[in-house]
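In what follows, every heavy atom counts, from backbone to side chain, and hydrogens, waters and symmetry copies are set aside. Every value quoted in this text rests on a predicted model; they were computed, and no experiment measured them. By convention in this document, chain letters (A, B, ...) are assigned in the order of the sequence lines, proteins followed by strands, and residues within each chain are numbered from 1.
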Protein chains: 2
Amino acid sequence: MSNDKNNNISSRSTGRVTLSDVAAKAGVSPITASRALKSPDQVSEKLRVKIYAAVSELGYIPNHAARSLASSETKIISVIFPSLSNAVFPDVLDGIHDTLTPAGYRILLANTHYAMDQEEALVRTLLEQSPDGIIVTGIDQNESTRKLLLNSNTPVVQIMELTDCPIDMNVGFSHFQASYDLVRHLQNSGYKKIGFIGARMDPRSQRRMEGYKQAMHEYSETNERYVITSQSNTSFKLGGKLFTQLFTECPELEAICFSNDDLAAGAIFECNRKGIRIPEDISIAGFNDLHFSEELIPPLTTVSIPLYEMGKKAAEYLLYKIEHRTVPPSVQHDVGYSVIERKSTYANLESKK
Amino acid sequence: MSNDKNNNISSRSTGRVTLSDVAAKAGVSPITASRALKSPDQVSEKLRVKIYAAVSELGYIPNHAARSLASSETKIISVIFPSLSNAVFPDVLDGIHDTLTPAGYRILLANTHYAMDQEEALVRTLLEQSPDGIIVTGIDQNESTRKLLLNSNTPVVQIMELTDCPIDMNVGFSHFQASYDLVRHLQNSGYKKIGFIGARMDPRSQRRMEGYKQAMHEYSETNERYVITSQSNTSFKLGGKLFTQLFTECPELEAICFSNDDLAAGAIFECNRKGIRIPEDISIAGFNDLHFSEELIPPLTTVSIPLYEMGKKAAEYLLYKIEHRTVPPSVQHDVGYSVIERKSTYANLESKK
DNA sequence: CATCCGTTTGACAGCGCTATCATTTGTGCT
DNA sequence: AGCACAAATGATAGCGCTGTCAAACGGATG
């Protein structure tokens, strides 16, 4: 009986308002209703108005899964960060979000907590969503993760760093070079005995340390005693602790570079507490130029990174590739950095002596 | 001809490895392959091994959209925050993430940038994903957003604040009460002339201000000159600026409460620069107890919130409701707060005088 | 050896939508 | 009026997976 067909209370019916319901209400075929929502200019105004009315009357909400399945477009971009508490990532994420949201894309976020071995599992999980694009942090994905991403045929942007062999596209800057430049800047200001304090030592911290070492090797004197690293996570407290340790053991140091601003700020706080004068007794430099860094006493010399722009550019790369179905004219973008000289170091060490 | 059927290079074929491919390779039916992945104990070991082998050989990745469509489970939780740069949210998000990820759920993140009028559009977009649950910030959703969420039949947790009439479930604390308690604490320490500086003035800042006003009304003397608010976004700089403005106009003030730690820290930095002594010349109190707050000179008196736990609890509420298909024993959880007394205020103002 | 019952496997249909192609309708032209 | 052509609408058939139910299987029992 025709009843069976009209009565759509099948055993699997979800009770949800579907596009067919809307179409029935508007007196059109489902496909026309679909078009009215997806490409309104293909539907006459008369029907469009009717369909919109039915939509709002029924409170229709499209089913994304069905749309994705039929069109193989998910409008989802997956983002993998190693941390959210590290203040650089929210800034990058804002750039990504503000570019993607107006374009109709949504962000699926995952956090590795700096556990590289979890990355592959996370990537696998995120690939199940068939995202239209993926943004991953860093360039040190292991071989099988690379393969996974490559085979998925999904546009990928690696961010934060630059690499010669990107998986797909790449937006970042050279941590090595930035750190090298900072140290060179100090050396040019007259500093010779420069220490380095690092924590967490993820690949980027590592490369910052290498930049420091290279500059020291070339223009000063490398001294193993001048370098302290910790595997612990970064914190203000740790910065203060490591500073005290290094400066006690090597009181001859003129300046200390920290692998990030958090550690450097911790050292400045510690100096403030102990009455150690900056830069008279010791100079301090950081990395990242976080929001608080120029407010510290004294303001912190550091390296500034255009984080928001990096996120924006990464998102733009993805959008380009998704919409043009072809790689953008360039597949790598160097967002650069700038050494910011502030009062925690001397512009000219000699003039003081 | 039967060729047509075997030749599955249909015009719509996506080229993707499907479960049927895996099943064919393993010599089983697709449904058995499906079961081997979803509920392995229902499949004999012999076949299971074969199927797993086929999976890894073919590099099969499940299609989430198809799974969602067929099972009406998406394993996605949507999270709406008003900001990511506000450091409280990454902490909450970490709590959410760390609870949801092990349970196999993924996080879809959206950011309103404190634009309440965008919330409805965002909720609508997120509902299209048919998330298994939604976490929204605050309790001030407008009527149509509430309806949208209610009709969606999706578990919802409102976080950060408490409300008498939650949409569904609710995890937070009373900003009014917390701020009230902080001011009462200062009053009990002997403070009488207490100012308030607020920025951004989102609903929670607003309620913190109300708490301040209530305590002042009850135990001190309300003075309109003692309150400054700005619609601008919070920043260290703004904290310093507003502080200078208020303290210049009302030098008689003994203490100033700030609507958050960022503003308070800005004021402390400003005092440090100008040689204004804290708490001798003016006492400063904040709100949120951010990571840097106890490192400031002097350390900041503030209100500490269990942010990570709040995120965790919200996620647990969702998981409970999703898995038990029924509301948890309680639908509201007060995570509480604690007033943290530090050196930026006196524990006993009298003793100094 | 027939019977029963629990376990494993499979057939079928459908989740809600859109790509594709076919059909209808409207428009301007000779 | 008759034609070509573009625009608007519809019919059909999946996208890849899982819920439902039926069938086949295997071992234990009398």
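Among the nucleotides dT18(D), dG16(D), dT9(C), the one closest to the side chain of Leu47(B) is dT9(C). Taking only side-chain atoms of Ala70(A), from C-beta outward, the nucleotide of dG19(D), dT9(D), dG16(C) with the closest atom is dG16(C). The listed nucleotides are dG16(C), dG16(D), dG19(D); the one nearest the side chain of Ala66(A) is dG16(C). You'll find that the side chain of Leu69(A) is closest to dG16(D), out of dC17(C), dG19(D), dG16(D). If you check dT8(C), dT18(D), dT18(C) against the side chain of Ser44(B), the one that comes closest is dT8(C). The side chain of Thr32(B) sits closest to dT9(C) out of dT9(C), dC17(C), dA19(C). For Ser71(A), counting side-chain heavy atoms from C-beta on, the closest listed nucleotide (dG16(C), dA19(C), dG10(C)) is dA19(C).
Rounded to whole Å, the distance from NZ on Lys38(A) to P on dT20(C) is 11 Å. With rounding to whole Å, Ile31(A) atom CD1 is found 15 Å from dG14(D) atom P. Distance, Lys50(A) NZ to dT9(D) C1': 13 Å, rounded to whole Å. One atom, CD of Gln42(A), and another, C1' of dA6(D), lie 13 Å apart when rounded to the nearest Å. Asn63(B) has its CG atom 17 Å from the P atom of dG16(C), to the nearest Å. Between the P atom of dT18(D) and the CD1 atom of Ile51(B) lies a distance of 12 Å, rounded to the nearest Å. Taking atom NE2 of residue His64(A) and atom C1' of nucleotide dC15(C), one finds them 15 Å apart after rounding to whole Å. Leu19(A) has its CG atom 14 Å from the P atom of dC15(C), to the nearest Å.
Relative orientation of the Phe81(B) and Phe89(B) rings is tilted, given thresholds of 30° and 60° on the angle between their planes.
Under 3.5 Å, the side chain of Arg35(B) and the base of dG19(D) form no donor-acceptor pair of N or O atoms.
Side chain of Thr99(B) to backbone of Glu316(B): no donor-acceptor contact under 3.5 angstrom is found. At distances below 3.5 Å, not a single donor-acceptor pair connects side-chain atoms of Gln332(A) with backbone N or O atoms of Leu162(A).
Contact annotation: Ser34(A) reaches the phosphate of dT18(C) (side-chain N/O to OP1 or OP2, under 4.0 Å). Contact annotation: Ser29(B) reaches the phosphate of dG10(C) (side-chain N/O to OP1 or OP2, under 4.0 Å). Here Ser72(B) does not reach the OP1 or OP2 of dC15(C): none of its side-chain N or O atoms lies under 4.0 Å away.
Looking at Lys147(B) and Glu143(B), no side-chain N of the basic residue comes within less than 4.0 Å of a carboxylate O on the acidic one, giving no salt bridge. Using a 4.0 Å cut-off between charged side-chain N and carboxylate O, Arg124(B) and Glu128(B) make no salt bridge. Salt-bridge annotation for Lys313(A) and Glu309(A): absent, with no side-chain N of the basic residue lying under 4.0 Å from a carboxylate O of the acidic one.
With a 6.0 Å radius and a threshold of 12 heavy atoms from other residues, nucleotides or ligands, Asp164(A) has its CG atom at or below the threshold. For Lys321(A), the NZ atom is densely surrounded, since the number of other residues' heavy atoms within 6.0 Å is greater than 12.
Each end of the helix from dC1(C)-dG30(D) to dT30(C)-dA1(D) yields a helix axis from five base pairs, and these two axes differ in direction by 40° (to the nearest 10 degrees).
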